[in-house]
2 protein chains.
Amino acid sequence: MPHTVSYKNYEHHTGTRAQAMAPSKETAQALARAETICRAHGVRLTTIRRTVLEALYSSQKPLGAYELADLLASNARRMAPITVYRALDFLIEQGLAHRLASRNAYISTLHDDGSQEATAYLICDGCGTVEPASSAAFAGALSDLLSRADFEPRAKVLEVAGHCSRCQGHGHGRH
Amino acid sequence: MPHTVSYKNYEHHTGTRAQAMAPSKETAQALARAETICRAHGVRLTTIRRTVLEALYSSQKPLGAYELADLLASNARRMAPITVYRALDFLIEQGLAHRLASRNAYISTLHDDGSQEATAYLICDGCGTVEPASSAAFAGALSDLLSRADFEPRAKVLEVAGHCSRCQGHGHGRH
DNA sequence: TATGAAAACGTAGTGATATAACCTATATAA
DNA sequence: TTATATAGGTTATATCACTACGTTTTCATA
């Protein structure tokens, strides 16, 4: 088998990718929290999944699936899209990542305030950053809205695009 | 020119598509309102645009762009995707249609309560219907959230997937 | 009523996002 | 150790959205 990458021990293999710079202390702590959550859920935070989560956590902007694939590529061999999507699906199921439907992009939720029922994501058109925002009043109002409509919620997509405090008034953004 | 559809008079041509069943009285009234809005904005509600809007308005479920293209096809000749997207872009700009980011699908806003700053769309996993929902409290809480974050909003994506009142408790839905 | 500019649309191709199908490898527990 | 479930690899394809460019129509003006 000439061209095929050695198939065994891919856990170790993926561990040697370009991304393998030592994570910051904060990142390491966040990943440790993720590890704990996964153990509690009885699921496995494998190398691929951890690598994807770390990339999302470290990034200042949301990342697309193909962007992640490129980012996590080792020399000339990038991750297959489906691999990234599988990792993302896992992370989203475990509540560790979030899909921004309005951008087809993904972020880590390890920065979020986990105590709120409803988190809105504020996406800056200028600098691309995303800030989670929540309040009891907002969660309550939404909950009222839903119960008044007798609607049983499963997934909430709450996103606002605009300009963050730092990007207002000096021509940032695209319109 | 053997295969090419006669190019002139396409306004009339599109008017003769399969969809040309007489709209209901309610639909006709909604379309008349749309017409009025467009005239007020100084823009044109052409046949294609009106046809797309009518399809969205009449549909019980949100429709994808390619779904619309199929729906509005005349004998064996369906609308090109770009044509649909152009019509949708127009309708969205005029506030007549809305894109559901979580579904890659589109709905008419002619049912909405136009008086609210923030409308959440409740998307039923069971029957596929979408209900707009809004309240002063919800709009206010969101507005507070945004001003507290010093965030200048441009576009709001507020969608909740779940089960509507009619689809609760009898095994509808996909999970 | 000519005509020139802008808006709308047609046609072909492509980019971007996401998943299907099927197989191999690994982890976990009996 | 072996059965089983879970995870990942590989290839191909589905789905959604847009670019580029030419043609037609509309509308205001000459």
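Every chain is numbered from 1 and lettered A, B, ... according to where its sequence line falls, protein lines coming before strand lines. None of these values were measured; they are calculated from a predicted model.
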Atom-pair distance ([atom1] on [X]; [atom2] on [N]), nearest Å:
X         : N       : atom1 : atom2 : answer
Met79(A)  : dT10(D) : CE    : P     : 12 Å
Ile48(B)  : dT26(D) : CD1   : P     : 12 Å
Asp70(B)  : dT15(D) : CG    : C1'   : 12 Å
Asp89(A)  : dA20(C) : CG    : C1'   : 13 Å
Leu72(A)  : dG9(D)  : CG    : P     : 12 Å
Arg78(A)  : dT11(D) : CZ    : P     : 14 Å
Leu45(B)  : dA7(C)  : CG    : P     : 17 Å
Arg103(B) : dA18(C) : CZ    : C1'   : 16 Å

Query raised in the report: Where each residue is assigned the nucleotide of DNA chain D containing its nearest heavy atom, which of Tyr66(A) and Arg99(B) is assigned the position nearer the 5′ end?
Result: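 That would be Tyr66(A).
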Query - 5' priority, DNA chain D, between Ala87(A) and Asn104(A) [closest heavy atom] - result: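 Closer to the 5' end of DNA chain D: Ala87(A).
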Query raised in the report: Below 3.5 Å, does any donor atom in the side chain of Arg49(A) face an acceptor in the base of dG8(D), or the other way round?
Result: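 Looking at the base of dG8(D), it does not pair with any donor or acceptor on the side chain of Arg49(A) (distance under 3.5 Å).
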Requested in this report: Look at the side chain of Tyr85(A) and the base of dA20(C), then say whether one donor and one acceptor between them are separated by less than 3.5 Å.
Outcome: no
Query raised in the report: More than 12 non-hydrogen atoms from neighbouring residues, nucleotides or ligands closer than 6.0 Å to CD on Glu35(A), yes or no?
Result: yes
Query raised in the report: Per the side chain to side chain contact (heavy atoms under 4.5 Å, CB included) rule, which among Leu63(A), Leu96(A), Thr46(A), Leu72(A) passes with Val52(A)?
Result: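 Filter result, single survivor: Leu72(A).
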What nucleotide among [options] has an atom nearest to a side-chain atom of [X]?
X        : options                   : result
Arg77(A) : dT17(C), dA8(C), dT10(D)  : dT10(D)
Ile82(A) : dT10(D), dG10(C), dC18(D) : dT10(D)
Arg44(B) : dT10(D), dT26(D), dC9(C)  : dT26(D)

Query raised in the report: Contact class for Phe90(B) vs. all strands (heavy atom < 4.0 Å): base, sugar-phosphate, or nothing?
Result: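 No contact.
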Query raised in the report: When you measure from the side chain of Gln168(B) to the backbone N and O of Asp150(A), does any donor-acceptor pair fall under 3.5 Å?
Result: yes
Query raised in the report: Do any N or O atoms from the side chain of Thr83(A) and from the backbone of Met79(A) form a donor-acceptor pair under 3.5 angstrom?
Result: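 No, because the side chain of Thr83(A) does not come within donor-acceptor range (under 3.5 Å) of the backbone of Met79(A).
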Query raised in the report: So, Tyr106(A) versus His98(A), ring centres under 6.0 angstrom or not?
Result: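 No, ring centres 6.0 Å or more apart.
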Query raised in the report: For DNA chain C, whose closest nucleotide is more 5', that of Arg86(A) or that of Glu67(A)?
Result: Glu67(A)
Query raised in the report: Do the side-chain N or O atoms of Thr83(A) get closer than 4.0 angstrom to the phosphate oxygens (OP1, OP2) of dG9(D)?
Result: yes
